[in-house]
Amino acid sequence: MIDLRLVREDTDLVRASQAARGEDPSTVDTLVTAADRRRESVGRADSLRAEQKVLGKRVSTAGPEERLALLVQARDLAVAVKAAQAEESAADVALQEAHLAVPNVVEHDVPAGGEDDYVVLKEVGDKPTFEGFTPRDHVEIGQLLGAIDTDRGSKVSGARFYFLTGQGALLQLALLNMAVAQAVETGFTPVITPSLVRPEVMGGTGYLGAHAAEIYRLEIDDLYLVGTSEVPLAGMHMAEIIDLSAGPRRYAGWSSCYRREAGSYGKDTQGIIRVHQFDKVEMFSYCDPAEARDEHKRLLAWEEQMLAKVELPYRVIDTAAGDLGSSAARKYDCEAWIPTQGRYRELTSTSNCTTFQARRLNIRFRDADGRPQFAATLNGTLATTRWLVAILENHQQPDGSVLVPVALRPFLGGREVLQPL
RNA sequence: GGAGGCUUCGCCUAGUCCGGUCUAUGGCGCCGCACUGCUAAUGCGGUUGGGGUUCGCGCCCCUCCCGGGUUCAAAUCCCGGAGCCUCCGCCA
């Protein structure tokens, strides 16, 4: 939910944001109209109610003869109040609807356009050359190592499911543990989150809008499976006034993540690039909105720190407005080089949601004057199952073995190489 | 699956039987002032949140889990719902 004051005072800015996203700017005008209508109906209902209260007081103190006449008057007024109230709540509903239809206002310097209009901010590291052999893809390496079993994954659960076995399971645990270790060193509170959340939490984070088809829903229990621990971590402080006087509150969530991958038929059907269930360590930060842009840069830096530890070549992109989620004002992705695909694939994603989620979830903090204000929320990836793809492919050797990045070795019991079975 | 209880202004709490000075009590916390040569103790005062209106002081409305209803008038009465807790049963 965006700030209505901003909509009223700088309508053009919000319209421009919609245009940058490639969405209809007229939703903004609808919102302005709805806000005006609500304001007017509130005013009318308020003054009628004030009148009613005064009259009600007179009824309670009046003598018997006077009382009867006053009651007649009061009855008429009650009808008028009821009508005004009905209009008020109708206007409220309309405003709410118009409000929810407008995604977050993008930062002013976000590149406009769609999926392909990102801006590359930097490229880091050297792509591997593979002298004298043709690199295997992660599916083949996973088989050689006995690390990934997609056949049995689909036997048991269907397409886009997999087993991580032996070295694969250990490698993932090592990676995620390294992510948690880094987060804790940095001052994050590690959290193992619920994977099922209530509708208001899923809705509050902005995931039930245009991309609701991505979400698994358990209808019998009216719960949703989370696609990222961002969701429970955002819900954690809903309807609270949190203390940010000591700076941002940072959590590192560990969870399995579930995604329906609706509409992605035919994309990445092999291996574990795009799957229905994976594991992730995610950073989440609550902070003063004034600090959100800086915090966003910090989250990006911590992501890059992780990528450096696993010694992967990657680039950082500034995602275009049209490719942002509805909650995000800006998003940076880190994409690792995948040798057998000859292209970069997203490994991390960090979004600044400013106060958009906090407004929906009613998460506030007290500012320097002690006034409650909406907090900003941000999130960013530290590690996911998909990272295994990049690690296996980039660090593979001619004999099918895989070199373990130095920083990761302590988390694998000191192991330096993953050997084919 | 069954039974019972609870939900009030950051937290705790009075009030609900019997509708109107509930314009919601008190404590904790927090803020300000006073006093004391310190951080303490004490006293006094302030402190729910949201919205409307106003240059501003202010004024008004809403807010006692949510939604309906009764009534001139609802924290209070009636109906429906949600959440939380406890116990029993069952299963791990």
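Chain naming here is simple, since letters A, B, ... match the order of the sequence lines and numbering starts at 1 in each. This is a predicted model, so every value here is computed, not measured.
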Answer yes or no: does a side-chain N or O of A:Arg75 lie under 4.0 Å from OP1 or OP2 of B:rC72?
yes

Please report the distance separating the P of B:rC65 from the corresponding atom of B:rU7, rounded so that it comes out in whole Å.
8 Å

Measure from CG on A:Asp36 to C1' on B:rG52 and round the result to the nearest Å.
13 Å

The nucleotide from B:rG49, B:rC72, B:rG52 with an atom nearest the side chain of A:Arg8 is B:rG52

Without decimals, in angstroms, what is the distance between A:Leu48 CG and B:rU53 C1'?
16 Å

Could you please name the partner base of B:rU23, counting Watson-Crick and G-U wobble pairs only when both distances are under 3.5 Å?
none

By nearest nucleotide on RNA chain B, pick out whichever of A:Ile241 and A:Gln85 is the more 5' one.
A:Ile241

Opposite nucleotide pairing with B:rC18, Watson-Crick or G-U, both atom distances under 3.5 Å
none

Can A:Arg15 and A:Asp29 be counted as an ion pair, charged N to O under 4.0 angstrom?
yes

5' precedence on RNA chain B between A:Gly43 and A:Val59 (nearest-nucleotide basis)
A:Gly43

To the nearest angstrom, how far is A:Phe365 atom CZ from B:rG49 atom C1'?
16 Å

A:Val42 side chain, from C-beta outward: closest of B:rG51, B:rU70, B:rA73
B:rG51

Under 4.0 Å between a side-chain nitrogen and a carboxylate oxygen: does that hold for A:Glu304 and A:Lys122?
yes

For the pair made of CG in A:Leu223 and P in B:rG83, what is the distance, rounded to whole Å?
9 Å

Any strand is fair game: report the nucleotide pairing with B:rU86 by Watson-Crick or G-U wobble, both distances under 3.5 Å, or none.
B:rA3

When you look at A:Tyr251 and A:His237, which way does the ring-ring contact (aromatic ring centres under 6.0 Å, His included) test go after all the steps?
CA-CA 12 Å; A:Tyr251 297 101; A:His237 289 303; 5.6 Å; yes

Taking B:rC31 as the reference, what is the distance to B:rC85 when you measure between their C1' atoms (whole Å, please)?
35 Å

Just call it for A:Arg38: base, sugar-phosphate, or nothing, with non-hydrogen atoms closer than 4.0 Å on any strand.
sugar-phosphate

By the 4.0 Å heavy-atom rule, please label A:Leu71 as base, sugar-phosphate, or nothing.
base

Answer yes or no: is there a side-chain heavy-atom contact under 4.5 Å between A:Ser229 and A:Phe284?
no

Nearest-angstrom distance, C1' atom, B:rU71 to B:rC12:
34 Å

Which one is paired to B:rC65, where only Watson-Crick or G-U wobble pairs with both distances under 3.5 angstrom count?
B:rG81

Return the pairing partner of B:rG56 with a 3.5 Å limit on both distances, Watson-Crick or G-U wobble; otherwise return none.
none

Between B:rC35 and B:rA24, how many Å separate the two P atoms, rounded to a whole number?
33 Å

Whom does B:rU42 pair with, Watson-Crick or G-U wobble, provided both distances fall under 3.5 Å?
B:rA34

Measure CG/A:Leu55 against P/B:rC60 and give the value in whole Å, please.
17 Å

A:Lys53 side chain near B:rC22 phosphate (N/O to OP1/OP2, under 4.0 Å)
no

Write down the distance separating the C1' atoms in B:rA73 and B:rC62, rounded off to the nearest Å.
16 Å

How would you label the contact of A:Gln52 with the nucleic acid (heavy atoms, under 4.0 Å): base, sugar-phosphate, or nothing?
sugar-phosphate

So, is A:Arg198 close to the B:rG83 phosphate, meaning a side-chain N or O under 4.0 Å from OP1 or OP2?
yes

Side-chain atoms of A:Pro372 come closest, of B:rG20, B:rG49, B:rG52, to B:rG49

Which base, if any, makes a Watson-Crick or G-U wobble pair with B:rA73, both distances under 3.5 Å?
none

Positive for side-chain hydrogen bond (donor to acceptor under 3.5 Å, both in side chains) with A:Tyr216, one of A:Arg260, A:His276, A:Arg259
A:His276

B:rC17 and B:rG29, which share atom name C1', separated by this distance in whole Å:
34 Å

Tell me whether the OP1 or OP2 atom of B:rA73 has a side-chain N or O from A:Arg58 closer than 4.0 Å.
no

Verify the distance criterion only: is there a donor paired with an acceptor across the side chains of A:Lys280 and A:Thr228 at less than 3.5 Å?
yes

Looking only at side-chain N and O atoms, does A:Arg49 come under 4.0 Å of OP1 or OP2 in B:rG52?
no

When the C1' atoms of B:rC57 and B:rG67 are considered, how many whole Å apart are they?
39 Å

Separation of B:rG49 atom P from A:Arg366 atom CZ, nearest Å, is 6 Å

What is the distance, to the nearest angstrom, from the CG atom on A:Asp76 to the C1' atom on B:rC72?
11 Å

Salt bridge check: are A:Arg49 and A:Glu88 linked by an N-O gap of less than 4.0 Å?
yes

Rounded to whole Å, how long is the line connecting atom CZ of A:Arg359 with atom C1' of B:rG49?
16 Å

Is it true that A:Lys297 and A:Asp294 make a salt bridge, defined as a side-chain N closer than 4.0 Å to a carboxylate O?
no

P atoms of B:rG46 and B:rG27, separation to the nearest Å:
12 Å

